[in-house]
Structures are given as structure tokens and as C-alpha cells.
Amino acid sequence: MVEVRIYVTYKQSVFDSQGETITDAIHALGHDEVQKVKVGKFFDVTLDPSKKDIDQAVKEISEQLLVNFNLETYRYEVMEEA
């Protein structure tokens, strides 16, 4: 089994309203050193590599379910192999 973490974030060209709101709140708390906050999400997925190639499985899962390609992009990393 292999555990992968799939990170989903907004594309650079998309306005991140949540990130802007959090940045404003951090500034209101007096932390002017913070320049920008970018919001995203991640999914920890355990895969059986004997059933399907990891790259292919992550690509299919991301494209079919996790990512809105109009707004978001993704990347992944292998967290743990058993």
C-alpha cells in the first residue's frame, strides 16, 4: 500500500477570496509581516499499487472528482510506502 497526499490549490490566475479574507484578518490581529495567504486543500489517499499505476490512479481520481480544472490545479507526493 502507498499513501499519497493530493494537494488542490487555485490556479495563479484565479482570485483567492478566502486567502484574501484570511490575510485581512491576520493584518487586523497586528501581523503585518504576512504578505499573502493562499488557501487550498489536501486529500490523503491510500492506494494499492499492484492494481493500478500510482501516477495514473492519482490523475484519474483528481480529474474525475477532486479538481475543478477551471479554477484549480493539483500535485501530489508519496507520503508513505508499506
Side-chain angles (χ1 to χ4, degrees):
M1 297 298 179
V2 175
E3 185 173 323
V4 298
R5 180 167 286 169
I6 303 170
Y7 297 92
V8 179
T9 56
Y10 287 115
K11 291 180 178 179
Q12 290 293 336
S13 60
V14 174
F15 178 70
D16 182 355
S17 60
Q18 287 180 305
E20 288 294 316
T21 301
I22 292 168
T23 302
D24 291 344
I26 290 171
H27 289 166
L29 293 171
H31 294 283
D32 293 333
E33 71 277 9
V34 175
Q35 297 296 305
K36 184 176 184 178
V37 174
K38 187 172 182 178
V39 174
K41 55 193 167 191
F42 69 86
F43 302 89
D44 287 335
V45 180
T46 303
L47 301 169
D48 181 348
S50 70
K51 296 192 183 237
K52 187 175 275 192
D53 176 69
I54 294 170
D55 288 332
Q56 187 64 30
V58 170
K59 182 179 188 296
E60 290 175 6
I61 292 166
S62 298
E63 291 179 357
Q64 294 173 4
L65 180 64
L66 302 180
V67 179
N68 175 347
F69 280 98
N70 292 321
L71 304 173
E72 300 169 321
T73 188
Y74 76 96
R75 67 180 175 81
Y76 80 95
E77 63 184 46
V78 175
M79 301 298 291
E80 186 176 303
E81 294 188 47

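Counting begins at 1 with the first residue of the sequence.
One hydrophobic cluster, built from ILVMFWY side chains closer than 4.5 Å, cannot hold both F42 and L47; they sit in different ones. Both V78 and I6 belong to a single network of hydrophobic side chains, linked directly or stepwise wherever heavy atoms of I, L, V, M, F, W or Y lie under 4.5 Å apart. Hydrophobic cluster membership differs between V8 and V37, with clusters built from Ile, Leu, Val, Met, Phe, Trp and Tyr side chains linked at under 4.5 angstrom.
For the atom pair CG of L29 and CG of D24, the computed distance is 11.0 Å after rounding to the nearest 0.5 Å. Taking OH from Y10 and NZ from K41, the interatomic distance works out to 7.0 Å, rounded to the nearest 0.5 Å.
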(request) May I have the step-by-step check of side-chain contact (heavy atoms from CB on, under 4.5 Å) for T73 and T9, ending in yes or no? (result) CA-CA 6 Å; T73 188; T9 56; 3.7 Å; yes

(request) List the steps and the verdict of side-chain contact (heavy atoms from CB on, under 4.5 Å) for V45 and V58. (result) CA-CA 9 Å; V45 180; V58 170; over 6 Å; no

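The aromatic rings of Y74 and F69 sit perpendicular to each other, their planes meeting at more than 60°, with 30° as the lower class boundary.
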For a quick test of your reading: what N or O donor-acceptor pairs under 3.5 Å do the side chains of residues 13-20 make, sequence neighbours left out?
from: D16; atom 1: OD1; to: Q18; atom 2: N; distance (Å): 3.4
from: D16; atom 1: OD1; to: G19; atom 2: N; distance (Å): 2.9
from: D16; atom 1: OD2; to: V39; atom 2: N; distance (Å): 2.8

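Counting only distance, with no hydrogens or angles, the side chain of T23 and the backbone of K36 share no donor-acceptor pair below 3.5 Å. Between the side chain of K38 and the backbone N or O of Q12, no donor-acceptor pair lies under 3.5 Å.
When the side chain to side chain contact (heavy atoms under 4.5 Å, CB included) test is applied to T46, the partners found at least two apart in sequence or on another chain are M1, E3.
Applying the side-chain hydrogen bond (donor to acceptor under 3.5 Å, both in side chains) test to residues at least two apart or on different chains, the pairs with a partner in residues 57-71 are K52-E60, Q56-E60, K59-E63.
Counting all heavy atoms, side chain and backbone alike, H27 lies closest to V34 at NE2-O, 2.6 Å.
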